Participant: 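Please read through the structure below; I'll follow up with questions.
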Amino acid sequence: MTKPALTLYLAAPRGFCAGVDRAIKIVELAIEKWGAPVYVRHEIVHNKFVVDGLKEKGAVFVEELDECPDDRPVIFSAHGVPKAVPAAAAQREMVYVDATCPLVSKVHIEAERHAEAGLQMVMIGHEGHPETIGTMGQLPEGEVLLVETPDDVAGLVVRDPTKLAFITQTTLSVDDTVDVISTLRARFPNIVGPHKEDICYATTNRQAAVKAIAGKIDGLLVIGAPNSSNSKRLVEVGSANGCAYSQLVQRATDIDWRALDGISSIGITAGASAPEVLVNEVIDAFRDRFEVTVDLVETAQENIEFKVPRVLRVPA
């Protein structure tokens with residue numbers, strides 16, 4: 001029986017970004033330098049496959065610092081942590097390495113700079129996401145107000161409407177954030193924004209690549225974790241740009257083949273913490289069922305690299 005023909009549009013850029021790459025490297029180098037176990041507070045990046053691979057090498061993942069012994073190194077995740085966490089580690093004289101993505105750290109510095117200038121902060125982000133918790137935790141309680149949607153802006157109670165600044169989570173939908181920002185500016189005309197957009201290059205590029213293929217495909221599969229903000233945004237971007245079927249899958253075994261019955265084209269992308277090996281696994285699963293033609297749709301090239309912290313570049 002001949003297999004049905006399928007055009008597979010592969011979005012690029014996709015998958016690992018420089019911050020994720022660096023965070024994984026930090027854990028691997030820490031294990032090399034200090035031996036196992038090395039503790040990691042919170043998932044280093046939101047991907048089970050990556051986390052499981054690091055566990056096999058000797059990483060122990062915990063939710064809170066008090067689950068870590070004093071005498072083993074601890075690493076803070078790429079999403080960033082509240083100021084209180086490194087302070088507690090220092091107090092316990094622990095060896096710690098901060099794997100916060102430099103683009104998240106940029107937002108932290110921005111928030112502190114605005115606070116020093118006497119401005120109260122409005123953060124556009126998702127409640128409960130580790131990055132939001134980390135960024136809000138850079139300043140004292142009440143100094144950062146969180147909004148998620150344009151509707152939230154109406155309910156904001158601020159200290160002084162003329163002394164406000166806004167920052168955003170780095171993994172939001174570019175289009176949705178524009179709406180929230182314009183609502184903020186309409187209500188608070190003096191609000192100060194970031195010099196350069198807070199949404200990171202990787203999030204923006206991956207969303208642009210999905211927009212480029214959304215009109216040509218019967219379905220979109222985003223490879224990523226259910227707790228990955230940037231991956232979930234890619235699913236939404238697909239739907240918002242005319243893709244009738246847009247789904248998040250962790251790996252090939254999650255594909256709902258019945259939902260894809262009768263398709264002749266599919267788009268594939270991956271969130272910033274999903275490794276390319278999982279993309280290839282999904283492509284192979286399609287090759288098993290279809291006569292696949294792969295069409296690479298590249299909307300940008302990324303060559304950004306972030307150095308690992310100095311402590312890991314010097315021998316033990």
Side-chain angles (χ1 to χ4, degrees), residues 16-109 111-112 125-126 128-141 144 169-171 200 225-230 271-275 305-316:
F16 278 4
C17 62
V20 164
D21 234 356
R22 172 180 179 267
I24 294 166
K25 216 175 273 168
I26 285 172
V27 179
E28 291 172 341
L29 289 171
I31 294 167
E32 250 172 64
K33 178 167 179 168
W34 292 300
V38 162
Y39 285 75
V40 185
R41 183 191 175 278
H42 191 74
E43 284 190 347
I44 186 72
V45 297
H46 285 158
N47 189 279
K48 185 182 180 317
F49 183 85
V50 171
V51 167
D52 288 348
L54 292 170
K55 277 181 186 167
E56 279 171 27
K57 291 178 178 174
V60 178
F61 291 86
V62 296
E63 280 308 307
E64 295 302 337
L65 195 64
D66 53 25
E67 298 170 61
C68 304
D70 292 351
D71 62 348
R72 292 307 304 159
V74 61
I75 294 163
F76 305 141
S77 90
H79 306 101
V81 291
K83 266 208 160 124
V85 176
Q91 203 178 359
R92 287 170 58 186
E93 296 182 356
M94 299 171 81
V95 170
Y96 68 86
V97 185
D98 189 350
T100 301
C101 171
L103 298 176
V104 174
S105 299
K106 171 182 101 54
V107 179
H108 291 182
I109 293 161
E112 289 190 311
H126 296 291
H129 188 277
E131 186 188 326
T132 304
I133 293 166
T135 301
M136 293 178 75
Q138 299 306 303
L139 296 175
E141 189 87 25
V144 188
Q169 192 178 323
T170 61
T171 54
C200 81
N227 59 342
S228 160
S229 169
N230 78 85
S273 39
E305 211 178 304
F306 296 133
K307 275 187 171 165
V308 298
R310 209 177 146 230
V311 65
L312 294 170
R313 286 182 268 144
V314 295

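Remember, it's a predicted structure, so these values are computed and weren't measured experimentally.
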Participant: Show your reasoning for whether side-chain contact (heavy atoms from CB on, under 4.5 Å) applies to V97 and V311.
Facilitator: CA-CA 8 Å; V97 185; V311 65; 4.1 Å; yes
Participant: Heavy-atom count check: over 12 atoms from other residues, nucleotides or ligands less than 6.0 Å from R313 CZ?
Facilitator: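 Yes, the 6.0 Å shell around CZ holds more than 12 heavy atoms from other groups.
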Participant: Taking K33 for the side chain and V314 for the main chain, is one N or O donor matched with an acceptor at less than 3.5 Å?
Facilitator: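 Yes.
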Participant: Can you name the nearest heavy-atom pair linking F49 to P275, along with the distance?
Facilitator: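 Closest heavy-atom pair between F49 and P275: CD2-CG, 3.6 Å.
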Participant: When you compare the side chain of D21 with that of F306, does any pair of heavy atoms fall below 4.5 Å?
Facilitator: no
Participant: Quick one: are K106 and C200 in side-chain contact, heavy atoms under 4.5 Å?
Facilitator: no
Participant: Could you state the interatomic distance from CD (E93) to CG (D71), rounded to the nearest 0.5 Å?
Facilitator: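 That separation rounds to 12.5 Å.
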Participant: Within the structure provided, determine whether I109 and Q138 are in side-chain contact (heavy-atom separation under 4.5 Å).
Facilitator: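 No - every pair of side-chain heavy atoms lies 4.5 Å or more apart.
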Participant: So which atom in R72 and which in P37 form the shortest heavy-atom distance, rounded to 0.1 Å?
Facilitator: NE-O, 2.8 Å
Participant: Taking NZ, NE, NH1 and NH2 as the nitrogens, is one of them in E64 or R41 under 4.0 Å from a carboxylate oxygen of the other?
Facilitator: yes
Participant: Could you walk me through whether V50 and F16 satisfy the side-chain contact (heavy atoms from CB on, under 4.5 Å) test, starting with their C-alpha distance in whole Å, then the side-chain angles of each, then the deciding distance to 0.1 Å, before giving a yes or no?
Facilitator: CA-CA 11 Å; V50 171; F16 278 4; 4.0 Å; yes
Participant: Nearest 0.5 angstrom please: C17 SG to L103 CG, how far?
Facilitator: 8.0 Å
Participant: Return yes if some donor-acceptor pair links the side-chain N/O of H46 with the main-chain N/O of N227 below 3.5 Å, else return no.
Facilitator: yes
Participant: To the nearest 0.5 Å, what is the distance between CE (M136) and CD (Q169)?
Facilitator: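 M136 atom CE to Q169 atom CD measures 11.0 Å (nearest 0.5 Å).
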Participant: What's the shortest heavy-atom distance between I75 and A30, and which atoms?
Facilitator: CD1-CB, 3.6 Å
Participant: If we check side-chain contact (heavy atoms from CB on, under 4.5 Å) with E28, which of these qualifies: I31, I24, I26?
Facilitator: I24
Participant: What's the separation between atom OG1 in T135 and atom NE2 in H129, rounded to the nearest 0.5 Å?
Facilitator: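 Rounded to the nearest 0.5 Å, the OG1-NE2 separation comes to 10.0 Å.
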Participant: If you take all heavy atoms of S273 and N47, which pair is closest and at what distance?
Facilitator: O-CB, 3.1 Å
Participant: Does P226 reach the side chain of K48, with side-chain heavy atoms less than 4.5 Å apart?
Facilitator: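 The answer is no; the side chains never approach within 4.5 Å.
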Participant: What are the two closest heavy atoms between D66 and R92, and how far apart are they?
Facilitator: CA-NH1, 3.8 Å
Participant: Give the intermediate values and the outcome of side-chain contact (heavy atoms from CB on, under 4.5 Å) for residues W34 and L312.
Facilitator: CA-CA 10 Å; W34 292 300; L312 294 170; 3.8 Å; yes
Participant: Kindly give the heavy-atom pair with the smallest separation between S229 and T171, and that separation in Å.
Facilitator: OG-OG1, 3.0 Å
Participant: Decide yes or no for L65 and F76: does some side-chain heavy atom of the first lie under 4.5 Å from some side-chain heavy atom of the second?
Facilitator: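 Yes, close enough: below the 4.5 Å cut-off.
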Participant: Going from NE2 on H79 to CD on E43, what distance comes out if it is rounded to the nearest 0.5 angstrom?
Facilitator: 7.5 Å
